[in-house]
Undergrad: 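Attaching a single structure in structure tokens format; questions to follow.
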Number of protein chains: 2
Amino acid sequence: MENKTTIHDIAKALKIDASTVSRALNNSPRVSQKTKERIMAKANELGYQRNLLASNLRKNVTNTIGVIVPRISRHFFSSVISGIEETAYDAGYNVIICQSLEQLKRERKLVETLLANRVEGVLLSVSMETDEFDHLLHMKNNGTPFLFFDRHCEIEGISSVLIDDFQGGFDATEHLILNGCKNIGHFSGPQELAIYRNRTAGYRKALEKHKIPYRPELVVRSSLMENDGAEGAKTLLSLPYKVDGLFSANDIAAIGAMKYFKNEGVKVPDDIAIVGFSNEPVSGIIDPSLTTMDQPGFQIGQIATKLLLEEISNAPNANPILAKTKILKSSLIERDSSRKCN
Amino acid sequence: MENKTTIHDIAKALKIDASTVSRALNNSPRVSQKTKERIMAKANELGYQRNLLASNLRKNVTNTIGVIVPRISRHFFSSVISGIEETAYDAGYNVIICQSLEQLKRERKLVETLLANRVEGVLLSVSMETDEFDHLLHMKNNGTPFLFFDRHCEIEGISSVLIDDFQGGFDATEHLILNGCKNIGHFSGPQELAIYRNRTAGYRKALEKHKIPYRPELVVRSSLMENDGAEGAKTLLSLPYKVDGLFSANDIAAIGAMKYFKNEGVKVPDDIAIVGFSNEPVSGIIDPSLTTMDQPGFQIGQIATKLLLEEISNAPNANPILAKTKILKSSLIERDSSRKCN
DNA sequence: CTGTTAGCGCATTCAT
DNA sequence: ATGAATGCGCTAACAG
């Protein structure tokens with residue numbers, strides 16, 4: 001807050017009025033070219049820099065959107081943020097990024113902070129703790145456009161940008177089936193999260209489509225950490241019949257399982273083929289025998305931002321945009337085309 | 001920008017003056033408990049929310065710091081950002097995060113934007129393109145406190161928070177030597193970047209200390225992508241003598257090399273032990289036979305923010321803080337204590 | 001304890 | 001084409 005030169009300073013130096021300076025600086029056509037140049041020159045000389053706070057206060061805009069994610073350092077979210085940042089930047093918007101650290105309390109406070117900062121819209125992915133929605137309803141009543149990405153809540157009139165977890169689960173499982181797998185295990189996560197329920201539903205749907213009976217003992221629930229994966233692999237190996245495929249709801253657990261299998265002399269993918277949802281950039285380099293479902297974070301960020309900016313510019317309208325849920329397809333990434341079960 | 005209720009609205013509703021409302025809202029002791037309560041109640045009822053723009057303009061503060069990183073989605077940077085965010089948040093500061101995408105032009109514009117937004121300080125890691133420093137000098141002359149982290153420039157009076165790459169390279173190499181390695185290869189990156197020069201210097205220093213002659217053919221320069229690692233591994237295997245250790249300036253190349261070795265039947269770490277600098281969370285789960293140098297991103301963010309906030313609060317002082325370069329030690333992470341060369 | 005007055009820096013309306 | 005006046009929403013100095 002050192003830059004002291006204001007339009008008044010440069011006005012005084014030029015013995016003209018501040019309003020003329022303001023106009024010149026905004027490139028108004030109602031200032032002669034000559035004075036414009038004098039003003040610009042002086043502004044440069046004095047190192048003038050517009051005070052956006054004052055300008056925004058006056059104009060009642062901020063050109064800023066807020067983003068709340070659970071954790072910036074999770075690769076999926078930082079990819080989304082990249083997409084948001086880029087799209088917003090191109091549209092002349094600033095972005096304030098915050099992390100809830102998966103805490104409802106923090107999420108609440110962040111919403112307040114963003115509103116107090118008069119952001120023109122908010123993009124958010126709710127924390128795992130979020131089971132009350134007062135703060136979100138507040139935003140809605142408040143008239144601040146916002147939308148969810150990845151993790152959402154059912155709030156009427158609020159759009160979401162999501163990954164099609166059901167389809168992803170279906171694709172992953174069908175991929176295994178089409179490669180000859182008969183007994184396909186599945187690692188799932190906390191059932192409170194829709195993403196895991198949906199992935200599991202996709203798994204079941206694919207089995208159903210191909211007339212493979214669903215067996216509960218093939219589904220292992222955990223927190224999907226690496227050791228959970230190893231544990232799950234052990235469970236699958238202990239079954240009285242041979243498991244030849246595995247669909248893991250994330251890649252970390254898949255990797256844990258893969259290591260366990262290899263250690264036990266079970267060949268991947270020849271003895272057992274694995275597909276995992278990709279959360280980190282890990283799977284891309286870890287092993288060509290691991291197939292992953294790519295989650296297009298960057299794209300989600302772009303789309304979410306576009307939608308939000310659209311809502312922002314339409315906000316004054318009497319009739320709001322219909323809430324739409326944009327669903328993105330995750331894509332299967334195979335690194336080794338020779339994958340084969342049996 | 002819908003929230004219309006101002007302190008005047010609630011003042012009018014209560015038939016008192018706006019200044020009293022303001023005081024109450026700021027919990028000033030000079031307002032009776034009774035009116036305070038009436039005011040708070042009314043504020044709640046009307047859904048009042050302080051307009052921080054106006055407040056900040058008036059108070060001439062923003063409680064905001066800016067951060068510029070090359071890419072948010074690089075894990076190292078998102079870790080740093082986490083550290084920054086948390087520390088800033090605790091101190092009541094907002095953070096505006098921007099990415100230069102490694103472009104000088106963008107970096108310049110971002111600096112302008114941040115200054116226009118009257119951030120009280122800036123943390124930045126320069127882009128790979130940055131070979132002119134006008135925008136940084138501008139900040140300095142402008143009196144906006146800022147400091148570098150990870151990638152820095154030599155600007156008088158500007159502090160940096162860095163990783164001790166020299167020491168890291170030294171530690172990594174010495175680790176290999178102490179485990180019995182005699183012929184240690186080294187993957188290095190672009191020599192324009194100090195981090196790689198320093199890691200290489202550490203490598204040479206360790207050799208020197210242990211009286212192992214430096215052999216240029218053991219040093220392979222590349223962009224350190226995974227296939228560069230494989231290529232480098234091939235080069236090392238083609239040497240007329242047996243290479244039994246490898247220090248890679250990043251982990252991706254180390255992984256590429258590891259895969260290549262394993263494919264060729266060369267055992268890691270028994271035939272050849274590998275240490276790599278860790279950029280991504282990859283190495284933690286990829287293979288216990290890969291030792292990595294952990295780069296403490298989160299910690300860097302914390303420290304950099306603390307320093308910056310310190311400079312901000314001291315800024316009005318006549319005598320500025322002496323620029324200090326805080327250097328963090330990276331730490332060697334071994335996952336398999338049975339590591340052994342020969 | 002509360003009201004009055006003034007102004008942060010800027011953009012805009014209304015004059016001229 | 002330019003100047004004068006007004007106020008965005010808030011806080012602070014100064015009364016009383």
Undergrad: Hey, is the side chain of B:Thr20 poking within less than 4.0 Å of OP1 or OP2 on C:dC1, counting only N and O atoms?
TA: no

Undergrad: Report yes if a side-chain nitrogen or oxygen of B:Ser22 is closer than 4.0 Å to either non-bridging phosphate oxygen (OP1 or OP2) of D:dA12; otherwise report no.
TA: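 Checking D:dA12 against B:Ser22, no side-chain N or O comes under 4.0 Å of OP1 or OP2.
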
Undergrad: Tell me: CD1 of A:Ile39 to P of C:dC10, nearest whole Å?
TA: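 Computing the A:Ile39:CD1 to C:dC10:P distance gives 13 Å.
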
Undergrad: Closest-nucleotide mapping onto DNA chain C: is B:Leu57 or A:Lys59 further toward the 5' terminus? I mean the 5' end.
TA: B:Leu57

Undergrad: Please report the distance, rounded to the nearest Å, between CG in B:Asn60 and C1' in C:dC10.
TA: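 It is 14 Å, rounded to the nearest whole Å.
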
Undergrad: Please determine if a side-chain N or O atom of B:Asn56 lies less than 4.0 Å away from the OP1 or OP2 oxygen of D:dC10.
TA: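 So the side-chain polar atoms of B:Asn56 never come under 4.0 Å of the phosphate oxygens OP1 or OP2 of D:dC10.
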
Undergrad: Return yes when atom NZ of A:Lys109 has more than 12 non-hydrogen atoms of other residues, nucleotides or ligands closer than 6.0 Å, and no otherwise.
TA: no

Undergrad: Roughly, in whole Å, what's the span from CG in A:Asp9 to C1' in C:dG9?
TA: 10 Å

Undergrad: With side chains defined as the heavy atoms from C-beta onward, is the minimum distance between B:Val95 and A:Gln99 less than 4.5 Å?
TA: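 Answer no - side chains too far apart.
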
Undergrad: Can you tell me the distance, in whole Å, between the CZ atom of B:Arg30 and the P atom of D:dC14?
TA: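 That distance rounds to 11 Å.
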
Undergrad: A:Lys15 NZ to D:dA4 P: how many Å, rounded?
TA: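 So the two atoms are 14 Å apart, to the nearest Å.
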
Undergrad: Whole-Å distance between D:dG7 C1' and B:His8 NE2?
TA: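 Distance, rounded to whole Å: 10 Å.
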
Undergrad: Has the side chain of A:Arg23 got a donor or acceptor that lies under 3.5 Å from a partner of the other kind on the base of D:dG3?
TA: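 Pair found.
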
Undergrad: Quick check for you: among D:dT2, C:dT2, D:dG7, whose closest atom lies nearest to any side-chain atom of A:Arg58?
TA: D:dG7

Undergrad: Rounded to whole Å, how long is the line connecting atom CD of A:Glu37 with atom P of D:dT2?
TA: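 Between P of D:dT2 and CD of A:Glu37: 12 Å.
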
Undergrad: Are any non-hydrogen side-chain atoms of B:Glu85 and A:Arg71 less than 4.5 angstrom apart?
TA: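 No, side chains not in contact.
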
Undergrad: State, with a plain yes or no, whether a side-chain heavy atom of B:Asn63 is found less than 4.5 Å away from one of B:Leu52.
TA: no

Undergrad: Report which part of the nucleic acid B:Ile16 touches: base, sugar-phosphate, or nothing (heavy-atom distance under 4.0 Å, all strands).
TA: sugar-phosphate

Undergrad: Between A:Lys105 and A:Glu129, does the salt bridge (charged side-chain N to carboxylate O under 4.0 Å, His left out) criterion hold? Intermediate values first, please.
TA: CA-CA 9 Å; A:Lys105 186 183 150 204; A:Glu129 273 186 22; over 6 Å; no

Undergrad: Quick check: on DNA chain D, is the nucleotide nearest A:Val31 upstream (toward 5') of the one nearest B:Ile7, or the reverse? Name the residue that is more 5'.
TA: A:Val31

Undergrad: Which whole-number value in Å describes the distance from A:Asp17 CG to C:dT12 C1'?
TA: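 Computing the A:Asp17:CG to C:dT12:C1' distance gives 12 Å.
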
Undergrad: Need one value for B:Ser19: base, sugar-phosphate or nothing, where a base atom within 4.0 Å counts as base even if backbone is also close, heavy atoms only.
TA: base

